[in-house]
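Here the structure comes first, spelled out in structure tokens, and everything after it is commentary.
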Amino acid sequence: MSAKRKGANPKSKKSKARKVEYDESDISSEHESDVEDERQKNHDGAHADGDGAAALEDITDYSSIPELPAPEGGWGKAGTLLMCGLTNWESSGRKSMPKGAKMIGRNLWTPHTFKNLNGTKVRLVASGPSSAHNVIVTEDNRCLVFGRNEKGQLGVGDDKRRDDPTEVEALKGHTVIGAACGRHHTLFLTSRGIVFAAGDNKLGQCGVGSNEEKILTATKIKYTGPPIVKVGCGAEFSVILDVKGGLHSFGCPEYGQLGHNTDGKYFITSTKLGFHFEKAPKRIVIYVERTKDGHVTPLDGVEISDFSCGFNHTVAVDSKNRAFSWGFGGFGRLGHNEQRDELVPRLIKFLEPPNRGVKAAFCGSSFSLVINVHGSMLLFGQAKRTGEANMYPKPVQDLSGWDIRCVACSQTSILVAADESVIAWGGSPTYGELGFGEMRKSSTTPMEIKALEGLYITSLTCGISHSLFICRDESDEEKAKIAKLQEYSV
């Protein structure tokens, strides 16, 4: 499934990782001006600067804003919520517990039903590879959150941990159709294309136009462009996609992960380094193709249709099935067969259409997955904690022939719903997020989750050390199998 990286030593990734900066001769000012003119003409409201963003009117009545057209079947098929993995949120992803934290929760080695929901059906689940908190949306459109909350990332008005799913009062009256979780912040997307954010905002990752340290209550981001149709979170940055195919990013610019042709670094003093954080959404206007000899060509007509964020990188797919990547390049997670950081979206030549086009992308902490137009999964980067890395996209042979429906990535674990099965793999240590059971906690090769055999998973997501599933429960046979699963209660 992966091959040893040639000519690269994993231990020296930091020293070898380089940034690619594009000067004015690489990216013509005429091209950028055309983009800016078009942006103004479409009134998409992309901000040229977080500090200089135009002030937004404080709107409290959103009823005049039209809703986005719902896909066939509505905003997600409702079913029973299942969960496995570590539920002691304070210790998730940490070597030791913070001072004063209580040991609440346990490892769920196989998928469990969640007693605290009292049989309520769920149509949306969201977490992230750097997240120890979760968002779920019920069939009756209640947006519930639970998990770690020390930076206010749950958006409920305080910074107290929630083990019992708690409704986000600020989102009452809104239909939440999407959500994304970073390390300590959260984005919520409503059916009217409006984005709300909560949590850690020291680096501007909540996009509210200020560097207020914590946003405790879910707050509308500082954006006035076309309606948003998808949201994504890296560890300390955010990306949103508008209905016209434009990407906007905000937060920490380190490694070039915002795609604005800069890593944001500047010297505060001769020995102290700082960053210019983007405090409000800024549109990504340049997409490039770079040849082996270093020649850079700007690409026109890029309309993004899908994207995914890792810890410090992003992979996006456009309407022509082309894949672009940018941000931190260590371990080959950008798919360019080198470890350079990319400051603007760069075309992945290994995935160029028509024969190798891409239709979906998924990012973990230090790796990326794509589904090509033929339905095959390819992996690049390092999906293990040590050892091998794929410097360019390579097929996951074990999944050949499977009809892949949905994918979720944890820090090093991967879950795939395909056909009538759920397939998972990930190297040790794992904490139950793979759902294999206590006797076999991890696997470096894809394996079916036996506990979910006979159950149809319609959606799934992974946090840093836990997994959430939405399980179809329409037939009596499915309900009977779900009833046999163990039950978790707080």
Nearest heavy-atom neighbours spanning Asp159 and Lys214: OD2-NZ, 3.2 Å
If I compare all heavy atoms of Glu342 with all of Leu334, which pair ends up nearest, and what's the gap? CG-CD1, 3.6 Å
Whether the side chain of Gln153 engages the backbone of Lys151 through a donor-acceptor N/O pair (distance < 3.5 Å, no angle test) should be reported. yes
Enclosure of Phe275 CZ (heavy-atom neighbours >12, cutoff 6.0 Å): yes
Tell me which pairs pass ring pair (Phe, Tyr, Trp, His ring centres under 6.0 Å) where either residue lies in residues 355-376, with sequence neighbours left out. none
The salt bridge (charged side-chain N to carboxylate O under 4.0 Å, His left out) partners of Lys359 (sequence neighbours excluded) come to none
Search all heavy atoms of Ser131 against all heavy atoms of Cys181 and return the closest pair with its distance. OG-O, 2.9 Å
I'd like to check the side-chain hydrogen bond (donor to acceptor under 3.5 Å, both in side chains) partners of Glu303; sequence neighbours left out, ordered by chain and number. none
Are Ser325 and His336 close enough that a side-chain donor and a side-chain acceptor fall under 3.5 Å? yes
Do you know which of Leu369, Asn337, Ile348 makes side chain to side chain contact (heavy atoms under 4.5 Å, CB included) with Phe380? Ile348
Here's one to test your reading of the geometry: is the NZ or CZ of Lys394 within 45 degrees of the ring axis of Tyr392 and under 6.0 Å from its centre? yes
Look only at the side chain of Thr461 and the backbone of Ser127, and say whether a donor-acceptor pair between them is shorter than 3.5 Å. yes
Among Gln205, His184, Arg183, which residue meets the side chain to side chain donor-acceptor pair (under 3.5 Å) test with Glu236? Arg183
Backbone of Leu343 reached by a side-chain donor or acceptor of Asp341 within 3.5 Å: no
